[in-house]
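To keep things clear, I will list the structure first and then write my remarks on it.
Numbered from 1 within each chain, the chains take letters A, B, ... in sequence-line order.
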Amino acid sequence: MSNYVTIELKSAQKIEFIDISAQVRDHVRASKCGSGILLVFTPHTTAAVTINENADPAVPHDIGEFLKRLAPKQDYFRHGEGNSPAHIMSSLVGASEILVVNNGEPILGSWQGIFFCEFDGPRQRRVFLKVIPG
Amino acid sequence: MSNYVTIELKSAQKIEFIDISAQVRDHVRASKCGSGILLVFTPHTTAAVTINENADPAVPHDIGEFLKRLAPKQDYFRHGEGNSPAHIMSSLVGASEILVVNNGEPILGSWQGIFFCEFDGPRQRRVFLKVIPG
Amino acid sequence: MSNYVTIELKSAQKIEFIDISAQVRDHVRASKCGSGILLVFTPHTTAAVTINENADPAVPHDIGEFLKRLAPKQDYFRHGEGNSPAHIMSSLVGASEILVVNNGEPILGSWQGIFFCEFDGPRQRRVFLKVIPG
């Protein structure tokens, strides 16, 4: 038996922020959890989950472009696959986010959306959603 | 009905780390939760929550100054409001922290304090606190 | 009474990523928690917890080397102890990670391991593990 839900995603670019807010909200509503917290977790080491503005697509663009320039390939990297920048971005942004659930809804600020962050795409990806009542 | 608490804050500077450890501790005590976890979450996209040293105010100063220099304004930014650096800092530091609650107290290390991080102040801000027993 | 577990660690280098995945898994199994979430939290302000690839040791090496070069000592630092870089890395990577627990196991991706990140070693360190059923 599985007590968590898996979202399947397909990224199209090397670095891409995919807004999963609607899927997350639908899952929380379907869970019938009135009050608690929600864990949004990605099981990939070259991806991440972040919360940021989803009203203007320029915001995730600017964050992705910043990260790309912050962590370019370096001569001192030893990882043979060549995707150390993506692993670095993953640890900087983090594999998960947690939200408050109240009255059956995930509580986000007016401008907040939840993004799956692709750093080594395009790839098939997954995000786990887990509600804890309380 | 709301099962979480909101702290209201007023930042005074563009970049500012506000120590909210005492308010967080008071809330956990008032919740009468003997054991569990505590979520500290900010619903803003140009702010964050972090845990770091609160004994020497030079520590949050140095972190803020580092972030300011790490993410200055760039010609390639597309977000029209001009506060992309603050959005970037928000995703780097993260919107939340989670702590262990034991014997009715949030468990922090000897040097750890909980900070609300303002990256686009001065503004009126909020932080959500949510205790999950367990 | 304590409802969380403490792992004791000893780092050997200034910057070091210590794989604690096996200890975390053992604790979750011993907790007999069938389903829920797991909090992995370090109570130190010059350390962090991250999830990244643990198959190739070059990955944590590259992340550590990147952070070392990203946040070197600076003239503008005011913190007298000289370890502001480690405090900065701690806030960038974060003090904790949270995982899904299902069928008595912490759920990690194929390539994911859990690392304690030392940024100011060598030192004696601790990590707290707390399972919340749900």
Options C:Cys33, C:Ala71, C:Gly134, ranked by heavy-atom pairs under 4.5 Å with chain B, top entry: C:Ala71

Any side-chain donor near an acceptor of the partner, B:Asp56 and C:His79, under 3.5 Å: yes

Which portion of C:Ile88 sits near chain B, non-hydrogen atoms under 4.5 angstrom: both

Candidate list B:Ile37, B:Ile107, B:Ile51, test side chain to side chain contact (heavy atoms under 4.5 Å, CB included), partner C:Phe41, passing option: B:Ile51

Test log, rule side-chain contact (heavy atoms from CB on, under 4.5 Å), inputs C:Leu39 and B:Val100: CA-CA 8 Å; C:Leu39 171 60; B:Val100 173; 3.9 Å; yes

Residues C:Phe128, B:Asn102; criterion side-chain contact (heavy atoms from CB on, under 4.5 Å); working and verdict: CA-CA 12 Å; C:Phe128 301 154; B:Asn102 198 55; over 6 Å; no

Derivation of the side-chain contact (heavy atoms from CB on, under 4.5 Å) call for B:Glu65 and C:Phe77: CA-CA 8 Å; B:Glu65 194 67 26; C:Phe77 287 161; 5.9 Å; no

Proximal component of C:Leu70, with respect to chain B [non-hydrogen, under 4.5 Å]: both

C:Lys130 and B:Ser35: CA distance, side-chain angles, deciding distance, side-chain contact (heavy atoms from CB on, under 4.5 Å) verdict: CA-CA 10 Å; C:Lys130 171 77 181 176; B:Ser35 166; 2.9 Å; yes

Under 4.5 Å from a heavy atom of chain C, the part of B:Glu97 involved: side chain

Side chain B:Gln112, main chain C:Thr42, donor-acceptor under 3.5 Å: yes

Nearest-0.5 Å distance that lies between atom OG in C:Ser91 and atom CZ in B:Phe66: 10.5 Å

For chain B, the option from C:Ser84, C:Gly36, C:Gly80 that forms the most heavy-atom pairs under 4.5 Å: C:Ser84

C:His44 portion near chain B, given a 4.5 angstrom heavy-atom threshold: backbone

Taking every non-hydrogen atom, the tightest pair across B:Ile63 and C:His87: CD1-O, 4.0 Å

C:Lys14 atom NZ, neighbour heavy-atom count above 12 within 6.0 Å: yes

Contact class of C:Leu92 relative to chain B, heavy atoms under 4.5 angstrom: both

Main-chain N/O of C:Arg78 paired to B:Asp62 side chain as donor or acceptor, under 3.5 Å: yes

